[in-house]
Structures are given as structure tokens and as C-alpha cells.
Asks: 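Here it is, the structure, as C-alpha cells.
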Amino acid sequence: MGTFSTFDIAGSALSAQSLRLNLTASNLANMHNVAGDAAAVYRARHAVFQAAADPFGDVLAGVDVLGVVESSAPPIERYDPGNPQANEEGLVYASSVNAMEEMANMISASRSYQSNLEVINTAKNLLLRTLSLGQG
Amino acid sequence: MQSILGVHEAALLFRARRMEVLAANLANADTPNYKARDLTFSAILDERLASARRIETTDDRHIEIDPLASRELLQYRIPHQPSLDGNTVESDLELARYAENAVSYQASLLFASGKISTLRTALTGSR
């Protein structure tokens, strides 16, 4: 309740956006993974967000991470018999992480993180000024 | 205390509440199907005026008539460019409104502290 809940709201968004950034980093790092089995290959991971209901009021507060889902995009099949991970037919399966999508996701997450940080800073300044109300 | 700070106390409370609503909008800028909301000053003013001319109840069995009780003060924003995922938060506009709200909060704070220093001057005899 009151101005203090601004910190909770923006804080939940900070943690959600940083999870999104971490997932993007993980996706980009594993972009070139290959495996001999289509089921074992790395799949892009994305966070699912949901608005969190404020238990004490009607205002929706903050954001919840519902979970992390793996992309259902099929891995890319490639003929590469020289690869040590190739199966008997000489096929490897490459991860289907889309670099463009991940970069766009990264920019969006970092911008959201920045704006929430600004919300926290402004709220902090206002609250400090309120605390010194009537002094001097 | 309310008579000392006058209208500024209510204004500060309104600004603090609006800060929360705008922070919730910004926090959910990437949440699918989230609809941005806002408190409008006129809605709050209408409610205050209505409560000022509320009908007196002098008996327990009297029914209180509050013309605006059912009216929702939080209103959904009409988006300029809604996203494909059903989200209607426009981060830059929300941030601008947040900044405007913060400045108004500071203005109210300045008026309130002016009132307090006036009182202090009166109490200490301008020493």
C-alpha cells in the first residue's frame, strides 16, 4: 500500500526482465549446438509473463513469470558425416534458435529494464523528499 | 492536520496512487493481454464533490445514496497502437505520464512544505 508498493511493482518487473535477458543469453550461447538426435538438441527458451494480482486491492500489481517454455520449432537437419556427433546416416541436428528474434528480444528486455529502473529512482527521490517534509 | 495542509494532502495521496498505477503499467509492458489503466483527475474530483453533497443518513435503516459508488475510478487507456499480443501499454507514453505525475507530486510537496514553514514562522515569531 502507498508509495512503497511502487518498489515491489517495479522490482518484480526488473527480475522478470533480467530473467528474459538471461534466457536470451542462454539461447544465443547455444545457438550453434548440434546433436545426433533430434530430441536432444537445444531448443530456444522463452519466459511467459503474467500480470500479478494485488491481493489487497483492485490494482494489478507487478508481473509474474508463469514459467519458461521451450520453442517447438523443429531442429535443422544437416548432412555432416565428418562431425563427431553425427548419427549412423551422417546426419546432425542443429538448434533452431533464431538470432534475429533473440536480438530483438534482448533490446526489448533491456529497454523495459531501463524504464523500470527509472520508475524506481523517481519514486525513491520523491519518497526521500516526502520524508524531509517540514524540515527546514 | 487536514486543515493545515489543505487540498495538498489529498493531492499528494492522489499522485502517489497514480504513481503506483503507472508503475504497474510499465511493469507489465511485455505481458500479453495486459490492458493499461490510469486514474483520471476528473474522476477523483467528481467523487470528492459527490461525497461532499452526500445525503445525510440519520437512522440505521436509511439507505445511503452514493451516486458514484459503483463507478470505477480506474479506467482503461485507449491505445494509439495496440500490440498484436493484446497488450495496450505504450512504454514511452507511460514514462512521460509518470514523469509528469512525479513533477506534480513535487509541486504538491512544495506547497505543503510552504504551509508548514508559514506555520513555523508564526509559531516562532519570525525569528
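The structure displayed is predicted, hence computed values, not measured ones. In what follows, chains are A, B, ... by sequence order, proteins preceding strands, each numbered from 1.
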Asks: Check whether more than 12 heavy atoms from other residues, nucleotides or ligands sit under 6.0 Å from atom CD of Glu70(A), and answer yes or no.
Replies: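 Enclosed: over 12 neighbouring heavy atoms sit under 6.0 Å from CD of Glu70(A).
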Asks: Is Arg111(A) in contact with chain B via its backbone, its side chain, both, or neither, using a 4.5 Å heavy-atom distance?
Replies: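 Neither; nothing under 4.5 Å.
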Asks: Would Leu109(B) and Tyr98(B) show up in the same hydrophobic cluster when neighbours are defined by side-chain heavy atoms closer than 4.5 Å?
Replies: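 Leu109(B) and Tyr98(B): one cluster.
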Asks: Determine, using the 4.5 Å side-chain heavy-atom cutoff (strictly less than), whether Val48(A) and Val65(A) are members of one ILVMFWY cluster.
Replies: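 Hydrophobic grouping puts Val48(A) apart from Val65(A).
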Asks: Please give me the minimum heavy-atom distance between Pro32(B) and Phe49(A), naming the atom from each residue.
Replies: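 Taking Pro32(B) first and Phe49(A) second, the nearest heavy atoms are CD-O, 3.7 Å.
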Asks: Going from OG1 on Thr122(A) to CE on Met19(B), what distance comes out if it is rounded to the nearest 0.5 angstrom?
Replies: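 The CE atom of Met19(B) is 8.5 Å from OG1 of Thr122(A), to the nearest 0.5 Å.
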Asks: Would you say the side chain of Gln17(A) lies within less than 4.5 Å of the side chain of Asp30(B), judging by non-hydrogen atoms?
Replies: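 The answer is yes; the side chains approach within 4.5 Å.
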Asks: Determine whether Gln50(A) and Asn28(B) satisfy the following criterion, side-chain contact (heavy atoms from CB on, under 4.5 Å), listing intermediate values before the conclusion.
Replies: CA-CA 8 Å; Gln50(A) 187 194 37; Asn28(B) 285 292; over 6 Å; no
Asks: Drop me the distance from Arg17(B)'s CZ to Thr6(A)'s OG1, to the nearest 0.5 angstrom.
Replies: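 OG1 of Thr6(A) is found 10.0 Å from CZ of Arg17(B).
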Asks: Would one find more than 12 heavy atoms of other residues, nucleotides or ligands at under 6.0 Å from atom CG of Leu128(A)?
Replies: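 Yes - once you tally the heavy atoms of other residues, nucleotides and ligands closer than 6.0 Å, there are more than 12.
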Asks: Is it the case that Thr130(A) and Tyr105(B) place a side-chain donor and acceptor less than 3.5 Å from each other?
Replies: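 Yes - a donor-acceptor pair under 3.5 Å links their side chains.
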Asks: Please say whether more than 12 non-hydrogen atoms of neighbouring residues, nucleotides or ligands are located less than 6.0 Å from CG in Asp59(B).
Replies: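 Check passes, neighbour count above 12.
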Asks: Which heavy atom of Ala27(B) sits nearest to which heavy atom of Gly62(A), and what is that distance?
Replies: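 Closest pair (atom of Ala27(B), atom of Gly62(A), distance): CB-CA, 4.3 Å.
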Asks: If I take atom NZ from residue Lys115(B) and atom CG from residue Leu133(A), how far apart are they, to the nearest 0.5 angstrom?
Replies: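 If we round to the nearest 0.5 Å, Lys115(B):NZ and Leu133(A):CG are 13.0 Å apart.
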Asks: I'd like to know if Leu93(B) and Ile78(B) are part of one continuous hydrophobic network [Ile/Leu/Val/Met/Phe/Trp/Tyr, side-chain heavy atoms within less than 4.5 Å].
Replies: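 Not linked; separate clusters.
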Asks: Under 4.5 Å between side-chain heavy atoms, counting indirect links through other Ile/Leu/Val/Met/Phe/Trp/Tyr residues: same cluster for Leu13(B) and Ile9(A) or not?
Replies: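 The answer is no; the residues belong to distinct hydrophobic clusters.
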Asks: Are Leu26(B) and Glu118(A) side-chain neighbours, meaning at least one heavy-atom pair lies under 4.5 Å?
Replies: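 With C-beta onward as the side chain, the pair stays apart.
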